[in-house]
Amino acid sequence: MESDETWSLDLSDLPVSRRANEIACAVEKNAVTVIIGETGSGKTTQIPQILLKAGVIAEDKAVCVTQPRRVAAVSVAKRVAEEMRVRVGEEVGYGVRFEDRTSTATRIKYVTDGTLLRELLEDPQLSKYSIVVLDEAHERSLNTDILFGVLKKLVTTRAEKFRLVITSATLDGEKFSRYFGSPVFTIPGRTYPVQIAHSTHAPRSYFESAIETVMDIHLNAGPGDVLCFLTGRDEIEKCCRRIEDAVRTTRQCMDMQVLPLYASLTPDMQSRVFQPHDANVRRVIVATNIAETSLTVPGIVFVIDPGVVKQIEYDAATGMESLQVVQISKVQAQQRAGRAGRTQAGRCYRLYTKDALEHDMPKVTRPEIQRTCLVATILYLKTLDLKDLDVMTFDFLDAPDPDLIADALRQLYLLGGIDDDGNPTRVGREMSTLPLEPSLARAMVEARHFGCVLETATVAAMLSVGQHYDEATSLLELVSHDDFLMGDHIVLLRVFQAWERDGYRRSFLKRFSLSERGMEFARDIRKQLLGLVEVTRTSHDQGLRMLRRSLCVGFATKIAHRLPHHNGYRTLGEHSTLCQVYPTMARQLADDDGLLPEWILFHEFVLTSRPYLRYVCKIESEWISKQREMLSKKIDIHRLSRGALNPSLSSQLNTKPTATEVDVGLKAPGARKTTEEDISAARERYLARKRKALD
DNA sequence: GAGCACTGC
């Protein structure tokens with residue numbers, strides 16, 4: 001369900017409402033119910049109301065509905081409150097980061113899936129809720145996938161009645177049904193017909209083919225706006241220019257307005273898509289995947305789908321991330337085509353053959369949990385204290401590659417988040433309470449000891465945000481020469497501090513061409529962090545040594561050493577990799593001889609045209625002797641995979657020193673080791689599933 | 001001297 005649904009329908013006549021009784025009975029009777037509701041079925045807004053009216057929710061409890069995105073959680077809550085004629089925050093409310101609009105009267109609560117994960121840490125029984133609805137399950141976000149496993153377990157263990165409802169937009173309910181052992185309801189949607197045309201042969205270039213298709217529609221088809229999917233910013237900007245040129249050189253055609261749409265575009269530019277326009281001008285929106293789920297562009301009649309998308313991949317061996325252009329799945333193709341039928345009948349031009357769709361494209365997108373670094377996920381599962389947890393054999397809907405889990409365990413151990421027996425340490429528990437990625441969370445924990453919480457919180461907040469400044473920013477006015485030499489972390493700190501001194505004014509951001517969205521987000525995160533971590537003392541940190549030493553602890557697994565005679569680097573660790581500092585960042589770091597620091601830590605390691613380190617900070621070799629020693633030692637992954645079997649043992653072990661303080665080879669008595677067989681069995685199951693998925 | 005999709009606590 002989209003937040004910006006434009007049509008108005010008779011609510012009592014929504015497809016889902018017609019089966020209200022059946023749905024309520026099924027949820028009452030079954031621990032888990034899967035509901036497949038296509039676009040326009042009304043599932044997101046109606047199911048909670050149906051359950052409330054039917055009395056399936058215990059009187060003193062609520063139903064919690066998760067959404068993958070904030071805006072959706074907020075706007076759906078507002079809409080349901082309107083339908084029920086109550087104010088938001090009363091019977092209907094929402095909870096997202098930085099904002100909780102609920103009260104004791106709240107019976108229907110919309111949250112982001114991340115918020116529910118947080119609530120689980122505080123209250124593992126979710127005692128406030130009778131029912132949890134995991135909405136948009138087909139998107140398979142990392143957070144939803146974690147919730148699948150955790151809530152599936154809770155359904156069988158909670159003493160009080162607890163029901164789980166999974167709603168998905170794809171027709172592939174069988175998979176969910178098999179996993180949860182639940183019945184499936186399929187509810188038709190309400191959209192306008194979309195006529196689909198496939199290419200008769202594979203185009204040589206999807207980019208050129210997209211431009212040709214836009215022009216073909218413009219010259220030959222009737223009125224209606226066009227939505228064309230492409231993979232990224234550069235490609236989109238280039239495409240927009242090419243289309244504009246083509247229109248300019250074509251005589252006798254109607255006017256056209258070409259608009260790019262992607263996430264890193266300023267909000268001003270993004271909003272142009274939603275502004276009314278002259279009906280005599282054809283609008284062409286060239287967009288990334290943002291237009292597939294997050295934003296609904298109004299008035300689209302024609303969709304052009306080149307069949308590709310840019311996707312993140314993580315290589316556990318080297319710790320390197322890459323964004324790769326890959327084929328979309330059949331489900332995505334269906335979703336894209338659906339964008340043409342939102343307000344009237346439409347047409348979708350697929351720039352690939354019907355044969356390619358049927359035989360080459362995967363049925364569903366590979367879930368994020370199989371493509372990303374899992375340190376945060378594994379730490380989360382460990383700190384939940386699930387009974388008999390072995391992360392290698394945890395009941396995921398689609399298990400990640402064991403190498404991915406092993407990598408996460410190794411990193412978590414090196415950071416001191418888990419001990420020799422795989423139990424979460426006190427440090428690990430502290431880390432998991434912070435809304436930060438693990439390396440930054442670890443640095444924050446360390447900052448307390450070094451007395452540099454304020455500075456570390458600022459850097460962590462800035463690094464949590466993608467955009468800060470651009471080429472037009474005159475950093476030299478904000479950052480001293482000496483600070484520049486220490487790297488991006490310090491530059492980000494100084495930029496934030498300059499804004500803070502200025503009283504957080506918008507004019508300051510404009511003057512220095514700083515990203516409003518990014519900086520204000522960083523300010524919110526920083527405030528949140530300072531509310532969670534006590535500021536122990538404020539030191540006069542000469543050369544910001546304490547800050548950088550805290551970072552060394554958090555980024556123990558992300559250190560690089562410069563090669564002797566030039567500015568190339570080599571990452572530390574078992575699979576040491578040659579790489580370079582991202583050019584814009586290196587420019588600031590080089591000393592008078594043009595040489596970069598001998599030792600640096602890095603925030604990101606990404607493969608683009610080459611392996612690049614992004615956001616780097618100069619460090620001293622004597623600060624990382626322990627980290628280097630740890631990195632070179634052999635770690636027993638089998639032992640880390642399985643934690644203590646009972647909570648009392650677990651809490652006893654939590655007082656043990658962290659990994660950075662103990663010898664790696666040391667064996668603690670008592671814990672059962674996960675054997676080599678367990679791991680190979682897990683691997684076998686994973687490979688079998690993968691084979692099956694490919695069939 | 002390069003060029004990063006999208007979310008979120």
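We name chains A, B, ... by the order of the sequence lines, and we start the count at 1 in each one.
- Nucleic acid contact for A:Leu436: base, since at least one base atom lies under 4.0 Å from a heavy atom of the residue.
- The distance from atom CZ of A:Phe98 to atom P of B:dG8 is 11 Å, rounded to the nearest whole Å.
- Residue A:Leu323 is classed as a base contact, given a heavy-atom separation below 4.0 Å to a base.
- In the set B:dG8, B:dA2, B:dA5, B:dA2 carries the atom at the smallest distance from any side-chain atom of A:Arg610.
- For residues 312-330 of chain A, the salt bridge (Lys or Arg N to Asp or Glu O under 4.0 Å) pairs, not counting sequence neighbours, are A:Glu313-A:Arg366.
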(request) State the dot-bracket string of DNA chain B. Criteria: Watson-Crick or G-U wobble, both atom distances under 3.5 angstrom; notation: ( ) intrastrand, [ ] crossing earlier pairs, | interstrand, . unpaired. (result) .........
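- At a threshold of 4.0 angstrom between heavy atoms, the contacts of A:Tyr612 are confined to the sugar-phosphate backbone, with no base atom among them.
- One can place OH of A:Tyr314 at 18 Å from C1' of B:dC4, the figure rounded to the nearest angstrom.
- The base of B:dC4 is not paired with the side chain of A:Gln467 by any donor and acceptor separated by under 3.5 Å.
- At least one side-chain nitrogen or oxygen of A:Thr112 sits closer than 4.0 Å to the OP1 or OP2 atom of B:dC9.
- Considering only the side chain of A:Ser294, B:dC6 comes nearest among B:dC6, B:dA5, B:dG8.
- The residue A:Val325 sits apart from the nucleic acid: no heavy atom pair falls under 4.0 Å.
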Donor-acceptor pairs under 3.5 Å, side chain of residues 523-534 of chain A to any protein atom, not counting sequence neighbours: which ones?
residue, atom, partner, partner atom, Å
A:Arg526, NE, A:Thr458, OG1, 2.7
A:Gln528, OE1, A:Arg97, NE, 2.9
A:Gln528, OE1, A:Arg97, NH2, 2.9

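- Residues satisfying the salt bridge (charged side-chain N to carboxylate O under 4.0 Å, His left out) criterion with A:Asp360, sequence neighbours excluded, are absent altogether.
- Looking at the side chain of A:Ser609, the nearest of the listed nucleotides B:dA5, B:dA2, B:dT7 is B:dA2.
- Contact annotation for A:Glu604: base contact, defined as any heavy-atom pair under 4.0 Å involving a base atom.
- Under a 4.0 Å N-O distance rule, the pair A:Arg69/A:Glu136 does not qualify as a salt bridge.
- Within the 4.5 Å cutoff, side-chain heavy atoms of A:Leu409 are placed close to those of A:Lys382.
- With hydrogens and angles left out, the side chain of A:Arg614 and the base of B:dC4 share a donor-acceptor pair within 3.5 Å.
- When the side chain to side chain contact (heavy atoms under 4.5 Å, CB included) test is applied to A:Thr456, the partners found at least two apart in sequence or on another chain are A:Ala443, A:Met444, A:Ala447, A:Cys452, A:Leu547, A:Ser550.
- Here B:dC9 is the nucleotide among B:dC9, B:dC4, B:dC6 with the atom lying nearest to any side-chain atom of A:Arg118.
- A residue-by-residue look at A:Arg233 and A:Pro68 shows that A:Arg233 has its nearest nucleotide of DNA chain B further toward the 5' end.
- Sorted by first and then second residue, the pairs that involve residues 603-613 of chain A and meet salt bridge (Lys or Arg N to Asp or Glu O under 4.0 Å), not counting sequence neighbours, are A:Glu604-A:Arg614.
- One atom, CZ of A:Arg526, and another, P of B:dC9, lie 20 Å apart when rounded to the nearest Å.
- Here A:Ser141 lies out of heavy-atom contact (under 4.0 Å) with every strand.
- Taking the nucleotide of DNA chain B with the nearest heavy atom to each of A:Gln580 and A:Thr288, the more 5' of the two is matched to A:Gln580.
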